[in-house]
Amino acid sequence: MDRPRPLILATLLAVTCIMHATVARAEAPCEGANGLSRPGEGTPIRVPIFGPADFGTAQEVCARSRISLESRAALLVAESEFYGTLLAGLALRATFVLPRKTWISLWMPGIESRYVANATVDTTQGSLGAGALGFHGTFFELPEVALVAYGRALLPTETLFTNATRYGIEPGISALYRPGSSVEVPIGIAFPMTFTAGPGTVTSLVAPAFSADVVWRPVRGFGIAGGAAIRPADSFDPRAQLRFYPWQNLQILLAGLFPVAGTDRTSAAVSLSVGWESF
Amino acid sequence: MDRRRLALVASFGLAFGFLALFRGCAAKDGCMGGDDGACVPRVPCEGLAYTCASTSPELSVRTMTRPDERPPGMNALGAPGDLLLQNDRLTVVIDALDAPHFLAPTGGNVLDLVPRGATRASDDELNYVFTATGILPGDAVRYTRMSVDDHSPTYVAVIARGHLDGRPKTTVVTRYELRPCEPGLRIRTELFHGEREPETFFLSDAFYWGGREVAPFVPGVGRGFVHPDLDLLELDRSFADSPFLAARPEREGAAAYAEVACGKKTLAGFQSTSISAMGIPRAITMPGDGLAFERFLLVGEGPGLSHVADLALEAREKLHGEKTREIRGRIVHPSGAPIDPGEHPSLLVYSPGAGAEGDTISSRAPWSEVVPERDGTFHVRAPAGGALRIEAHALGRALPVRAAVAAGAADVTVADIPFPEVGVLDARIVGVDGKGTFGELVLTPTSENDVERLRGSTHGAFDEKICVPWLGPAHGGSPACNRALVEADGHVRLVVPEGRYFAYATRGPFATLARAEITIERGKTSPITLTVEDLPGLVPRGALSADFHVHGGASFDSSLPERDRALSFVAAGVEVIAATDHDVITTYERAVRDLGIERRVIVMPGAETTGHILFYRPPGADLPKVVGHYNFWPLRPNAGLPRNGLPWDELQEPGALFDTVSAGFDGQGVIQLNHPLSGSSFGRDEGFLTAIEYDVRTRVPDAPSAEGPGQLRRGNRGGRTALDYHAQEVMNGTQTKQFHDYRLAWFSFLSQGILRAGTANSDSHTLAVEVLGYPRNLVFGDHTLAAFDMARFNEDVRKGRMIGTNGPVIVASIDGVGPSLSPIAPAADASLAIEVRAAPWIPVEEIRVIVNGKLVKIVGGAAIARPQDAFGKQGTVRFNGKIPVAELLADVRAEKDAWIVVEAGLPLVRAADLDSDGRPDTTDNDGNGVIDFRDMSVRDGDPTYVEPQRPLVTDPRFHAHVVAPGHWATAFTNPWLIDRKGDGWTAPGL
């Protein structure tokens with residue numbers, strides 16, 4: 001079992017420092033093509049299934065207050081090993097804008113239902129999931145590009161563990177490139193690290209994720225996104241999303257993800273987010 | 001302090017806070033965080049405490065060094081190298097890591113467990129208890145290290161370390177701990193899930209009962225000895241929680257077992273007479289999490305359940321404070337006559353359900369079962385508090401007698417429980433000289449209307465429909481089911497339910513059958529004498545009858561005592577036996593010697609390899625398989641080695657298996673393919689041809705392949721392929737469907753030039769359900785018991801110089817040459833000379849001649865003699881005639897060679913191949929004379945091939961059916977290979 005390395009601490013320190021660097025003053029991609037902001041800008045495709053809470057999932061780039069109901073489901077079928085899982089979860093998520101383009105994010109511990117089958121020895125269990133608290137800050141902005149750094153901590157509220165507790169931290173960087181009024185390219189790099197503390201021992205897992213999407217929004221009320229994430233050695237995850245903004249700042253986001261290659265055996269995952277954004 | 005600095009400090013604080021947590025605020029506790037090689041599971045069952053009466057109690061742990069340290073009983077398998085823990089109350093053997101058994105990939109599990117200081121013989125009746133987390137091979141634990149922790153006189157322990165066989169990062173450490181004066185073994189297993197994905201683990205003990213050995217029992221409404229049908233594909237409906245598990249032995253003199261959870265109040269699991277699994281409830285275990293399972297494994301003496309159930313309740317009282325009380329009483333006959341053990345008295349103690357239906361099986365909650373002592377007294381523990389009832393059982397049936405036990409906490413003595421008077425049959429079997437003789441006595445009711453009334457079981461377990469009347473546990477020693485063995489003095493005394501019966505005396509199909517009609521009345525003894533004599537001239541001189549597939553109590557699925565198994569050899573008139581117990585070499589030497597029957601029977605030590613661990617997975621197969629069963633004999637037994645010298649036979653394809661086991665042959669042995677197209681049991685195919693889905697109409701290619709019939713050509717480094725066996729079962733037991741199937745496979749191979757001797761064996765595991773010697777082989781070659789030459793005998797077996805039969809004897813030759821796998825070139829005017837003989841009570845209706853797989857000639861009707869008196873000695877020759885070989889080969893193209901097989905007995909059961917797999921699968925189930933899809937639909941999901949049922953009393957089949965249930969008179973010869981042109985025999989092809 002690995003213990004936290006000094007490198008991790010140094011990274012944390014660096015991110016913390018960077019978060020407080022002076023932000024370049026310029027027009028920003030989050031303010032819309034004609035200075036008219038719209039809901040959902042700077043939002044990557046999010047299918048939060050690979051980690052507790054939404055660890056390992058790309059974060060937004062634009063400083064906005066949001067509240068959303070996040071639902072997700074993932075299916076794994078490994079027929080040759082007679083193994084399968086089905087995960088479904090529901091959680092509340094919120095971000096709160098602070099001054100100077102910083103914000104706090106909160107993933108509330110939600111309800112999760114898991115079905116895991118090992119041949120015909122199977123069971124379904126409901127549980128409370130983990131929460132996550134994060135601090136995000138824009139540290140670089142140009143008219144077409146914005147960079148955000150963040151640090152998040154896992155709230156150890158999971159009830160599924162019997163004799164262990166899971167903790168975690170996640171530093172990361174999100175970026176937005178807006179080449180045109182109706183196109184944007186969110187990019188994310190995340191380094192989620194989880195630590196499962198059992199009776200006197202700790203098991204750690206580092207699962208970095210790199211993602212890039214292309215979002216096309218021809219009209220205010222609808223957008224479509226496509227992209228992929230890479231989790232080195234775990235999987236390559238092509239993904240797509242439909243985005244609906246039917247009324248004012250209401251947004252409905254429906255995404256699907258289909259991991260290929262790698263050791264992760266997840267067959268498919270979907271997510272549905274219904275939320276409201278204020279800016 | 002400004003906000004930036006505040007944020008920085010907060011970040012650092014957060015980071016260091018995590019570190020503090022990580023650095024071990026939690027102390028190292030056992031192995032639930034993983035096995036570092038030094039961790040030790042916590043002490044199991046800390047709430048238990050037993051006091052010792054002795055000031056110097058016995059407690060030890062050691063490695064076995066001598067075979068005589070093995071616990072008593074045929075089931076006991078402990079061998080030098082295994083670990084033996086002992087206190088004054090029990091002995092337990094943990095098998096060595098390199099001596100695995102049954103379903104486990106390694107040792108490190110409980111192999112033998114017997115009580116000590118018992119008042120009665122208490123043989124080991126525990127096949128195996130191993131730790132697992134699911135039903136797949138990868139869910140068993142692969143132990144890699146074992147260490148001994150000797151802290152005597154406080155405790156002794158064995159620590160076994162390993163991981164799940166299919167998940168190397170999921171570590172498992174088990175602590176087996178024994179303390180002085182305790183009636184059980186404390187066990188704690190700690191698992192750490194080190195893999196990446198969540199798993200459902202059912203961390204449990206798997207009790208491999210094997211079938212036919214013990215009846216598992218769990219308290220609970222509608223439970224007791226009754227359990228839902230276990231289907232591994234639909235396990236969910238079988239899971240239930242229980243306060244404890246107990247297991248009742250089927251035979252006298254065997255131990256009983258129980259398990260109680262320590263950490264929790266209940267065990268979760270499922271039951272069947274083949275396998276039970278009890279553990280902590282199924283749970284999703286996340287990566288990095290750990291599980292612990294703590295339990296107390298108890299052993300007590302038999303008979304019945306109460307001794308060990310009392311221990312389980314006592315343990316629960318210590319662990320959970322559940323109060324119990326003792327119920328005492330006595331069963332009596334109204335006349336004052338003593339209780340006869342032959343009544344098999346038994347009392348079931350239960351909590352009644354509500355209302356008028358409270359005594360029904362579905363409403364009541366059994367707690368225990370007690371067998372009264374010889375003087376009728378009994379004592380049994382049950383939970384204190386609620387009202388209880390006691391239901392009396394005798395001869396396998398519930399009596400209309402119940403005793404009520406009022407609610408309360410104090411011990412109670414109930415009023416005498418009246419048991420009805422019993423009837424006794426006092427029988428003698430004598431020879432023609434009037435002297436007692438070995439044999440078997442079989443009873444059956446004279447009226448069909450009495451069948452249900454007299455049917456018995458072990459409280460619903462082991463309910464065999466043929467056990468009418470029920471004289472004893474269906475799978476136990478004599479008397480068992482509806483029969484009893486008779487020793488040399490010819491005398492047997494039986495307690496029999498009142499009624500009218502036919503009593504048959506038999507000594508196998510080559511002797512006369514005697515019958516008397518008797519009436520058994522309560523309180524009276526009915527004497528009879530029956531005379532059985534050999535039928536000289538029935539069996540050709542120089543032929544010995546042999547059964548090459550026989551099981552006894554050493555097999556995991558038989559509880560037949562060694563002595564009774566040996567006695568059955570001579571009672572059935574079988575002269576040569578291959579002892580083929582599952583996965584262990586046996587000899588029956590001691591029993592044969594004790595009975596003084598060395599001159600009557602030769603036992604060749606051998607074994608049946610029985611694949612347990614699924615591994616064989618051809619491309620496209622949904623599930624891994626095993627490679628079926630094979631018999632090997634004669635083998636060199638060695639009690640100083642695991643399995644008495646049989647090598648571990650798992651995870652090997654047939655060719656490699658043949659190499660492994662045949663290294664232990666005593667001389668040049670015989671390898672026999674058993675029940676080649678038999679179905680599967682718990683997902684394990686019992687025949688290799690089933691495993692490879694062999695179609696009897698398809699050719700086996702010359703080259704090996706990973707799928708299809710080419711799998712038969714797959715070899716191994718030693719060079720042997722799956723076809724390198726010597727003999728194949730053509731008849732196994734009495735099921736006609738099996739004969740249809742195995743015969744077709746054998747014909748298919750003969751036609752393709754895959755020449756293997758055909759054998760006929762009983763595969764007997766019990767006295768009654770499969771009767772020894774039905775069928776058997778007659779091996780020709782001038783053999784005698786007095787001058788038995790094993791090597792020459794087995795040479796004749798390998799060369800097919802024999803017939804298989806369950807009664808009819810075929811004496812046939814072409815140009816004076818009997819059947820064999822050696823080709824002959826008969827003269828142009830050669831004839832097939834056939835004489836069919838049979839004891840008068842064995843029906844013969846037709847003789848069939850098969851050429852190259854086609855039926856070319858039937859002799860029947862008036863050409864077959866039918867004796868008038870089934871119980872006489874006359875009329876044993878049923879047919880004597882000749883058929884020109886040229887006539888038989890008339891439809892065979894001149895350039896082709898041929899093979900000829902003769903069959904005799906009853907006509908083949910009419911059946912059709914409606915699913916087009918080359919084998920008949922459906923009988924005329926609607927009785928309209930036509931076999932079509934309507935015969936399938938009337939079965940409504942049940943098997944569409946229906947075996948012949950019990951015939952009417954007037955049917956010529958009746959007598960043989962009573963003696964050997966399911967009997968359908970059949971005999972077959974091995975082939976004559978006809979080399980028509982004298983240029984060497986060439987297979988005729990399919």
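Because only heavy atoms are used, hydrogens play no part in the values below, and waters and symmetry mates are left out as well, while side chains stay in. Chain naming here is simple, since letters A, B, ... match the order of the sequence lines and numbering starts at 1 in each. Predicted model, so just to flag it, every value in this text is computed and none were measured.
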Whether the side chain of Lys101(A) engages the backbone of Thr138(A) through a donor-acceptor N/O pair (distance < 3.5 Å, no angle test) should be reported.
no
### Query
Does Glu195(B) pair with Arg167(B) as a salt bridge, N-O distance under 4.0 Å?
no
Per side-chain hydrogen bond (donor to acceptor under 3.5 Å, both in side chains), Thr189(B) is matched among Arg295(B), Arg175(B), Glu294(B) by Arg295(B)
Across all chains, not counting sequence neighbours, the salt bridge (charged side-chain N to carboxylate O under 4.0 Å, His left out) partners of Arg617(B) are none
Given Thr162(A), Thr124(A), Thr165(A), Thr263(A), the one with more heavy-atom pairs under 4.5 angstrom with chain B than any other is Thr162(A)
Heaviest contributor of heavy-atom pairs below 4.5 Å to chain B, chosen from Thr194(A), Thr85(A), Leu205(A), Asp264(A), is Leu205(A)
Shortest non-hydrogen pair, Ala175(A) vs Leu147(A), comes out as CB-CD2, 3.3 Å
Check for a donor-acceptor pair, side chain of Arg684(B) on one end and backbone N or O of Leu614(B) on the other, with a separation under 3.5 Å. no
Ranking Leu160(A), Thr196(A), Val116(A), Asp122(A) by heavy-atom pairs under 4.5 Å to chain B gives rank one to Val116(A)
>> When you measure from the side chain of Asp139(B) to the backbone of Ala132(B), do you find a donor-acceptor pair of N or O atoms at a distance under 3.5 Å?
In response: no
With chain A, the option among Ile284(B), Leu235(B), Ile135(B) that has the most non-hydrogen atom pairs under 4.5 Å is Ile284(B)
Residue set satisfying salt bridge (charged side-chain N to carboxylate O under 4.0 Å, His left out) with Glu112(A), at least two apart, ordered chain then number -> Arg72(A), Arg114(A)
When the 4.5 angstrom heavy-atom criterion is applied to Leu87(A) and chain B, the contacting part is neither
If one checks every heavy atom of Pro287(B) against chain A at 4.5 Å, the contacting part turns out to be backbone
Whether Thr159(A) side chain and Ser127(A) backbone form a donor-acceptor pair below 3.5 Å: no
Applying salt bridge (charged side-chain N to carboxylate O under 4.0 Å, His left out) to Glu707(B) and not counting sequence neighbours gives none
If one checks every heavy atom of Arg265(A) against chain B at 4.5 Å, the contacting part turns out to be both
Of Gly134(B), Gly138(B), Gly288(B), the largest count of non-hydrogen pairs under 4.5 angstrom with chain A goes to Gly288(B)
Residues of residues 270-279 of chain B with a heavy atom under 4.5 Å from any heavy atom of chain A, in residue-number order, are none
Per-residue tally against chain A (heavy atom, under 4.5 Å) across Gly290(B), Ala292(B), Gly166(B) peaks at Gly290(B)
